[in-house]
Amino acid sequence: MSGRGLIYSFVARGTVVLAEHTSYSGNFSTIAVQCLQKLPPNSSKYTYSCDGHTFNFLKDDAFVFLVVADETVGRAVPFVFLDRVKDDFKQRYAGNIKNEEHPLVDDDDDDLFEDRFSIAYNLDRDFGPRLKEHMQYCIEHPEEISKLSKLKAQITEVKGIMMDNIEKVTI
């Protein structure tokens with residue numbers, strides 16, 4: 001893995017970036033937001049390449065997870081990273097994601113209790129450090145991440161074979 005590896009990451013809801021992290025300077029966030037606005041609606045995983053970097057997106061419901069990586073890293077490690085971030089994010093904010101209203105909200109107080117997932121960078125202080133931790137972990141444990149990506153690929157392959165077999169049996 002190159003010295004830079006994973007460079008920039010964010011979590012967004014729709015096109016609103018909620019939290020981000022990078023240890024590098026550059027226009028990664030600008031390009032990432034432009035790519036975010038052009039994501040195809042029917043794909044859960046997507047990668048753009050630009051200037052020796054990959055912009056890897058993982059969509060899950062209304063949320064989009066991104067990591068910018070050096071092209072030499074490939075696609076497997078960024079997507080293992082994104083799965084880790086998605087799982088952590090959904091676990092951390094599960095109660096809020098289900099759109100549970102605050103117990104003190106009534107119709108007159110809608111402005112007072114705005115949805116925490118609609119304000120840009122609202123989770124930066126809370127979840128930005130988690131993005132940094134996940135990036136550091138993936139960079140410091142490349143062999144474990146590589147094994148995980150291979151295992152996920154095998155599981156996906158087996159799942160595909162099973163689905164094909166089920167279709168053949170039901171026809």
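Everything numeric here is computed off the predicted structure, so don't read it as measured data.
Residues L66 and S9 share a closest heavy-atom pair of O-OG, 2.9 Å.
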Exercise. Which is it for F79 and F81 under the ring pair (Phe, Tyr, Trp, His ring centres under 6.0 Å) test, yes or no, and what are the steps along the way?
Worked result: CA-CA 5 Å; F79 281 105; F81 165 82; over 10 Å; no
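Contact check for L123 versus Y93: side-chain heavy atoms found under the 4.5 Å cut-off. A 4.5 Å side-chain heavy-atom check between V67 and F55 finds every atom pair outside the cut-off. Contact annotation: the side chain of F89 approaches that of F127 to within less than 4.5 Å [non-hydrogen atoms, C-beta and beyond]. At a threshold of 4.5 Å between non-hydrogen side-chain atoms, the residues R130 and E133 count as touching.
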For a quick test of your reading: what N or O donor-acceptor pairs under 3.5 Å do the side chains of residues 26-43 make, sequence neighbours left out?
unit_1	atom_1	unit_2	atom_2	d
S43	OG	K45	O	2.6

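With sequence neighbours left out, the salt bridge (charged side-chain N to carboxylate O under 4.0 Å, His left out) criterion links K90 to D60, D61.
Remark: the D88 side chain and the H134 side chain contain an N/O donor-acceptor pair separated by less than 3.5 Å. Looking at T47 and R75, their side chains do bring a donor and an acceptor atom within 3.5 Å of each other.
Proximity of a side-chain donor or acceptor of N56 to a complementary backbone N or O of V68 within less than 3.5 Å is not detected. A donor-acceptor contact shorter than 3.5 Å links the side chain of T22 to the backbone of I7.
Note on Y24 and Y8: same hydrophobic cluster, where clusters join Ile, Leu, Val, Met, Phe, Trp and Tyr whose side-chain heavy atoms are under 4.5 Å apart, directly or indirectly.
Counting non-hydrogen atoms of neighbouring residues, nucleotides and ligands closer than 6.0 angstrom, the NZ atom of K86 exceeds 12 such neighbours.
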